[in-house]
Peer 1: 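The structure follows.
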Amino acid sequence: MKFCRPLSLCGIVFAMVAMLIAYDRGTADRSVLSMAQADPIPAPAAEARWVVDPADPGPDLPPVGRSLFDHVITERQGPHMVYRVPFPFTALVQKIEQELDPADQGSPLKRVLIPLNRSLQRHAAGPDYFTYPRAVVAVDTEPRMRGGSSGLLLKDRLFLGYQEKAEILEVISYNEAAGRFEFQVVRDYGPGKTPKVLYANRALCTTCHQNQSPIFSRPLWDETNANPNVAALLERQRRDFYRFPVHQGVDVPNAIDEATDRANEFSAYQLFWQDGCEQARSPGESIQCRADIFRVALQARLTGFPPALNRSPPYREQLLPRMAAQWSEKWPHGLKLPSPDLLTRNPVDGTAGERARLRAVFEPTIPREPSAV
C-alpha cells in the first residue's frame, strides 16, 4: 500500500507529528497527551523542505492511474473507455450530483459565480463579465452509502471552473493511484461541438497552483456572488446562470475555501505516509510501519479517540520512536506546507473602467509563503 488511501483515514497520521517532534526533543517521559500538546520547534522556513516543490510540477500525464473526473465522465465502449462529457454545464453538474446520490440532503455541491476572476480565462468574457461569469463548483460532501456500492469519494477531490464564453472547462481532481491532483482542460465545451478532454500543462497550471492542488481566496470572498454588489450586477443580466443561486451568503464560498484547505494537506499526508515509513534496505519494516499507522488511524476512527490517547506498547514503544527517528533524519529542519490562499479582492469597489484591472498584489502567480512550517 505505497500510497495513502483512503485519505479520510490517513489524515489522522498528521495528528502524530507534534508527538514525533516532542519525542525527538527528549520528552519521551511525558504522557502521550502532553506530547501531543507540545509546541514544535520553530524551524527557519529557508531551511525547511517543501512538501511539494512549486518548481517541480511533475509530468503532465498521470504516472499511474487516472483522475476522479475521468471515472465520473467516461463510459465503456467495447474494450475501451471513452469520454462522455455531458453538455450543457447544468447536465454535468447534475451527473456529479447523481454520482453522490444526496437523497434528501440537498445538493452535495458548493457553487459560486466569479465575474471578475483571476483564472487564465479572466478576460475571455470581456466586456460582458457579468453576462458570462466564471462558474466554480466544489464537492465537499461524501457519497451516500447505498446497497452494493460506497460511491466515489469525491469530497475535497473534485473542483470545476467553467467559462462559457471561452467554451472551456477547467478541472482539478484527485488521482488516488498516483496520490496527486490532476489538472485537466475540456475544450470545445459548447453547443454543437464535441468536447475534448486533455491533461493540462502542469508547469503552466502550477504558476498559480503552487501547491499543486486547488486554490481559493481568503475571506470575505468579495470576488464571488456572496458580495451583494456582485450579485446585484449579475441579477441585472436577467440570466439563468446554470441554475446557480445569484444571491447567497458567505457560507458557500467559506465551504469551498475549507475544501481547498483540506485538499491542500493531501500532499503532506502522502509525503508522511510514503517517505516517513520508507526504508529502502528494509522493505519489511516499511510495510510494518504503514500497517502500524493504519492500525492507529483505524482505531481512532472507530473509537473516536485521537492517537494522542493511544497508550498501547506497539504504538509508544515501536511506531512513535521509529517515526521520530525517520523525521529527524529526513526533515531535520521541518516541512513547508504550501498555501492554497489568495488575497481577497473586491473588484467592484471602483469605477466600471477599473473593474477588469488586476493589481499586481492580487496576481496569483506571485510566489506565496508557506501556510505552515
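Just so we're clear, the structure is a prediction, and the values are computed from it rather than from any experiment. Values below: all heavy atoms of this structure, side chains included; hydrogens, waters and symmetry mates excluded.
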Peer 1: Return yes when atom OH of Y83 has more than 12 non-hydrogen atoms of other residues, nucleotides or ligands closer than 6.0 Å, and no otherwise.
Peer 2: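 It does: Y83 OH has more than 12 such atoms within range.
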
Peer 1: Would you sort out whether Q318 and D292 count as a side-chain hydrogen bond (donor to acceptor under 3.5 Å, both in side chains), showing the intermediate values?
Peer 2: CA-CA 9 Å; Q318 297 175 28; D292 289 342; over 6 Å; no

Peer 1: When you compare the side chains of S339 and E369, does any donor N or O come within less than 3.5 Å of an acceptor on the partner?
Peer 2: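 Short answer, no.
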
Peer 1: Side chains of T131 and Q237 only: does a donor on one sit below 3.5 Å from an acceptor on the other?
Peer 2: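 Present: a donor and an acceptor within the cut-off.
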
Peer 1: Measuring only between side-chain heavy atoms, which start at C-beta, is R111 closer than 4.5 Å to V93?
Peer 2: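 Touching, per the 4.5 Å side-chain cut-off.
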
Peer 1: Have Y242 and E164 got a donor and an acceptor in their side chains that come within less than 3.5 Å?
Peer 2: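 Their side chains do contain a donor-acceptor pair, which is all the 3.5 Å distance test asks for.
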
Peer 1: Under a 4.0 Å N-O cut-off, is there an ion pair linking D156 with R262?
Peer 2: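 Result for this pair is yes, salt bridge flagged.
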
Peer 1: Under 4.5 Å between side-chain heavy atoms, counting indirect links through other Ile/Leu/Val/Met/Phe/Trp/Tyr residues: same cluster for L92 and Y174 or not?
Peer 2: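 In one cluster: yes.
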
Peer 1: We want to know whether Q77 and R84 form a side-chain donor-acceptor pair, criterion being a heavy-atom distance below 3.5 angstrom.
Peer 2: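 Distance-only check passes for Q77 and R84.
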
Peer 1: When you measure from the centre of the six-membered ring of F183, is the NZ or CZ of R202 closer than 6.0 Å and no more than 45° off the axis?
Peer 2: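 No, R202 does not sit over the ring of F183.
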
Peer 1: Roughly how far, to the nearest 0.5 Å, is the CZ atom of R66 from the CG atom of N175?
Peer 2: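 If we round to the nearest 0.5 Å, N175:CG and R66:CZ are 10.0 Å apart.
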
Peer 1: Please verify the inter-ring angle class for W327 with F272; under 30° counts as parallel, over 60° as perpendicular, anything in between as tilted.
Peer 2: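 The rings of W327 and F272 stand perpendicular, inter-plane angle above 60°.
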
Peer 1: Would you give the length of the straight line joining atom NZ of K165 to atom CD of E167, rounded to the nearest 0.5 angstrom?
Peer 2: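 Answer for the NZ-CD pair, K165 versus E167, is 10.5 Å.
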
Peer 1: Is it true that Q184 and D70 share a donor-acceptor pair across their side chains at a distance under 3.5 Å?
Peer 2: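 Yes, Q184 and D70 have a side-chain donor paired with an acceptor closer than 3.5 Å.
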
Peer 1: Quiz question: by atom type and distance under 3.5 Å, do the side chains of N346 and E223 form a donor-acceptor pair?
Peer 2: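 Judged by distance alone, the side chains do not pair up.
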
